[in-house]
Number of protein chains: 4
Amino acid sequence: MARKVGSTGAETAQRVREAALELFARSGYAAVSMRAIAAEIGVQAGAIYNHFPTKQDLLKELLTGHMETLIAAWRAVEQPDLKPPQALEAFVRFHIRYHLDRSREVFISYMELRNLEDENFGQIEQLRRDYERIPWTILENGSADGSFDIIDPQVTTMAMIAMLTGMTTWYRDSGRLSLDEIEAIYIRLVARMVRGRKRSL
Amino acid sequence: MARKVGSTGAETAQRVREAALELFARSGYAAVSMRAIAAEIGVQAGAIYNHFPTKQDLLKELLTGHMETLIAAWRAVEQPDLKPPQALEAFVRFHIRYHLDRSREVFISYMELRNLEDENFGQIEQLRRDYERIPWTILENGSADGSFDIIDPQVTTMAMIAMLTGMTTWYRDSGRLSLDEIEAIYIRLVARMVRGRKRSL
Amino acid sequence: MARKVGSTGAETAQRVREAALELFARSGYAAVSMRAIAAEIGVQAGAIYNHFPTKQDLLKELLTGHMETLIAAWRAVEQPDLKPPQALEAFVRFHIRYHLDRSREVFISYMELRNLEDENFGQIEQLRRDYERIPWTILENGSADGSFDIIDPQVTTMAMIAMLTGMTTWYRDSGRLSLDEIEAIYIRLVARMVRGRKRSL
Amino acid sequence: MARKVGSTGAETAQRVREAALELFARSGYAAVSMRAIAAEIGVQAGAIYNHFPTKQDLLKELLTGHMETLIAAWRAVEQPDLKPPQALEAFVRFHIRYHLDRSREVFISYMELRNLEDENFGQIEQLRRDYERIPWTILENGSADGSFDIIDPQVTTMAMIAMLTGMTTWYRDSGRLSLDEIEAIYIRLVARMVRGRKRSL
DNA sequence: AATGAATGAGGGTTCATTCAT
DNA sequence: TATGAATGAACCCTCATTCAT
């Protein structure tokens, strides 16, 4: 059969991405079949191959897309002139909000790395290191100019990212605390980790 | 063919557990076949079914086994008379050491929960909540007796666990810092989160 | 590989049906593998699943197809105005000829009922009862109008059907008697069972 | 483990036979596993092999056992001096009663012949022909001495056996007619087939 | 005589992928 | 661009059978 009226290639590709994202996040890459993705958007499995050469490419595109968008999103909001305390707070806010809005992308970014073939894996790892360098640089700067008292910038960076990202696994809209409240708590926790004071962070 | 000379059921079951643990951690539950597990220990796939009724049961046993052993291990080392600062330090040391020794178990405990069927999932979730109550109780106690100044016990608990557990994803024996050094850093970071002082924590 | 040039789904489905019929009749449902059916028609086992969702569905379709075709075939040849003796003779001729032409369908209809799951089983049972009602009605009519002297219409119906159908298990083209001769004998036997006379049956 | 207290080889073999008979009749030879038979009598599958060399041998023994017992049972009750009409009535009574009591054996005798390997198959076929010769001889004798008016002894024999045996597929203890009543009806039907009269059969 | 652990083969079914249409 | 039919490999699991114990 020919293309459905009104559908375009770009549209279909986008719907495939969205369906794959949802299903990979819910069940895991290995447990999701191309047929399941296709069924989710009402096409046959074969149709996906007009847009993505293999299932692996689909995963890779989701992961690189996420990392690139993440970094680009930070570049869009970052204010290079901020002092380290303010820069750190901005980063924490950004990270929490961004990751909560993309919890599926975050989840598969951590979970499905091992399902990437070597070359693709290396590419994502590099992007991740690029992103981790953002808070690490802020911590280094704050350490250098005396605004922070940091035990170890690298360990603190990793600890902080793990702490912040972990929120996506337990945060619920209907929970005891609002997102604003949780965000405020996390900002204070980070401040303590770098021995800042809330007012001065 | 019949049983190999000298083999016993308990031994084989244990070797299956170990191989499955390793492979699930490396590639993920869905991506590991029963044949692959069997090959790892030099038997045919069918032999596994003498010891585990299904692949799902094998996963479930690994996960419940891990959580139960984890909790039991804490019970074995905990000193109920410790003041909160000392109790918290003991918990941090325990958690880091235990999780680093069992990074594979930790990894699949977080990764493969979604591959558990509903009933099994609920069982594990309960065990996890049981474990999380341990540091949460310490924080509550320390908050009550004034040894800690905690922003929010629940959020702090989750943040702390995420931070500590995250170490398993990046720690390497050959890294810049020794385990002792990293442990010391994490203890100080936790101390800051509860606004203790290192000397008094 | 993709579809072979010139192949269509309907064709393949029909070839699967024919191969399954032959093999089920020869070896029994449980003893025939999907791979064996596929090999018979020169495709891979997986291809069958494009046309039948499960092996059980394939069996069910053969059995319901047979019963429905059987009943439809009778409806096509029956002459409602015939007197009971002529109607009974017409039915006997029909049953013998039809069942001999479809000895494989007949065989699996009797043999493989137990391999049907409950719902499918019930459906076939109903169709069978529908068919049995045909001769039973003729006997009842002939009993009512005095053309037959029947001991018990229900038992006679079952006895007659068993007797006629049994022929498919021993009839051979190369046997002592031709089909016409056997048919004539069976008509006379039935006539005796209802105490008709050959000339008046 | 050693033998259970009180069990003997002969006992176990008999329990295997009984369990296999029941399960083969219910589900068919190919669909019943050695494990299922073993479970039915509370032993492990391996134990069966102390009593029967293969699954095929088990089936063969059931079938030959049935046919031999059937023929021996007839030999035990037959009265060689009876006139054909009385002999035929005696045979009908015997066949109905015997087959109804052994409906499972009868069923698998007809169903599972095809699951026998060639040599075993031939053996059973011979026994069946031996049994069929019993009514056939009675009909021949009655034909010869004028007590019967038979259309064709061979076809009549097959028709009669099919008719009588078919009863096992629909008879229910709780049905409309008692076994005695059904038996009486069948005797009259057979009498009509050989053109005897009830009183003279 | 029975268990329990194992084999090697094969079961039904699903899968990623291909390609004629 | 999409379908639908096909492949060939793989999957989980079960099987008949064997044999050390």
Side-chain angles (χ1 to χ4, degrees), chain A residues 1-4 7-9 11-13 30 32-38 42-51 53-56 58, chain B residues 1-13 30-36 38 42-56, chain C residues 1-13 30-38 42-51 53-56 58, chain D residues 1-4 7-13 30 32-38 42-51 53-56 58:
Chain A
M1 202 183 303
R3 147 180 26 168
K4 283 183 185 160
S7 81
T8 72
E11 249 177 49
T12 301
V32 172
S33 71
M34 293 297 261
R35 275 169 180 76
I37 298 169
V43 299
Q44 296 295 313
I48 297 179
Y49 289 86
N50 287 321
H51 306 284
T54 69
K55 189 185 173 191
Q56 167 83 201
L58 182 46
Chain B
M1 204 181 301
R3 172 186 347 187
K4 281 182 185 155
V5 177
S7 81
T8 72
E11 248 176 50
T12 302
V32 172
S33 71
M34 294 297 261
R35 272 173 187 76
V43 299
Q44 295 293 316
I48 297 179
Y49 290 86
N50 287 323
H51 308 285
F52 302 90
T54 66
K55 190 186 175 190
Q56 167 83 197
Chain C
M1 202 181 302
R3 173 185 347 189
K4 281 182 186 154
V5 178
S7 82
T8 73
E11 248 176 50
T12 302
V32 172
S33 72
M34 293 298 263
R35 277 170 183 78
I37 298 169
V43 299
Q44 295 294 315
I48 297 179
Y49 290 85
N50 287 323
H51 308 285
T54 67
K55 191 187 176 191
Q56 167 84 198
L58 181 46
Chain D
M1 203 182 300
R3 145 180 29 166
K4 283 181 186 161
S7 79
T8 72
E11 249 178 47
T12 300
V32 172
S33 71
M34 293 298 260
R35 275 170 180 76
I37 297 168
V43 299
Q44 296 295 315
I48 297 180
Y49 289 84
N50 288 319
H51 307 283
T54 68
K55 189 185 175 193
Q56 168 82 201
L58 182 46

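Heavy atoms only: backbone and side chains are in, while hydrogens, waters and symmetry mates are out. Quick note on labels: first sequence line is chain A, next is B, and so on, each numbered from 1. All figures in this text were calculated on a predicted structure; none of them were measured in a lab.
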**Study point:** Length of the CD-C1' vector between Q56(C) and dT13(E), whole Å
**Key:** 15 Å
Revision key, fill the gap. dA1(E) -> Watson-Crick or G-U wobble partner, both distances under 3.5 Å, gives none
Review point. Which whole-number value in Å describes the distance from N50(C) CG to dT18(E) P?
Key: 17 Å
Point to revise | Rounded interatomic separation in angstrom, taking CZ from F52(B) and P from dC13(F) | key: 13 Å
**Study point:** Between C1' of dA20(E) and CD of E11(C), the distance in whole Å
**Key:** 14 Å
Point to revise | Toward the 5' end of DNA chain E, by each residue's nearest nucleotide, G46(C) or R35(D) | key: R35(D)
Check your understanding: Hey, are the side chains of L58(A) and I37(A) touching, using non-hydrogen atoms and a 4.5 Å cut-off?
Key -> yes
Study note, to complete from the structure: For M34(D) and I48(D) the tightest heavy-atom approach is O-CD1, 3.5 Å
Practice item. Let me know the distance between CG of L58(C) and P of dT13(E), rounded to the nearest Å. Key: 10 Å
Study note, to complete from the structure: Paired to dA9(F) by Watson-Crick or G-U wobble criteria (both distances under 3.5 Å) is dT14(E)
Check your understanding: Think H51(C) has a side-chain N or O under 4.0 angstrom from the OP1 or OP2 of dG4(F)?
Key -> no
Review point. For the residue pair A30(C) and A30(D), what are the closest heavy atoms and their distance?
Key: CB-CB, 3.7 Å
Review point. So which one's nearest nucleotide on DNA chain E is more toward 5', Q44(D) or A47(A)?
Key: Q44(D)
Exercise for review: Please report, rounded to the nearest Å, how far the C1' atom of dT21(F) is from the OH atom of Y49(D).
Suggested key: 19 Å
Check your understanding: When you measure from the side chain of K55(B), which nucleotide among dC15(F), dC13(F), dG12(E) comes out closest?
Key -> dC13(F)
Review point. Given dA5(F), is OP1 or OP2 found less than 4.0 Å from the side-chain N or O atoms of T12(C)?
Key: no
Practice item. May I ask which nucleotide in the shown strands pairs with dT3(F), Watson-Crick or G-U wobble, both distances under 3.5 Å? Key: dA20(E)
Point to revise | Gap between atoms CE and P, on M34(B) and dT14(E) respectively (whole Å) | key: 19 Å
Check your understanding: Atom CD1 of I48(C) to atom C1' of dT13(E): distance rounded to whole Å?
Key -> 11 Å
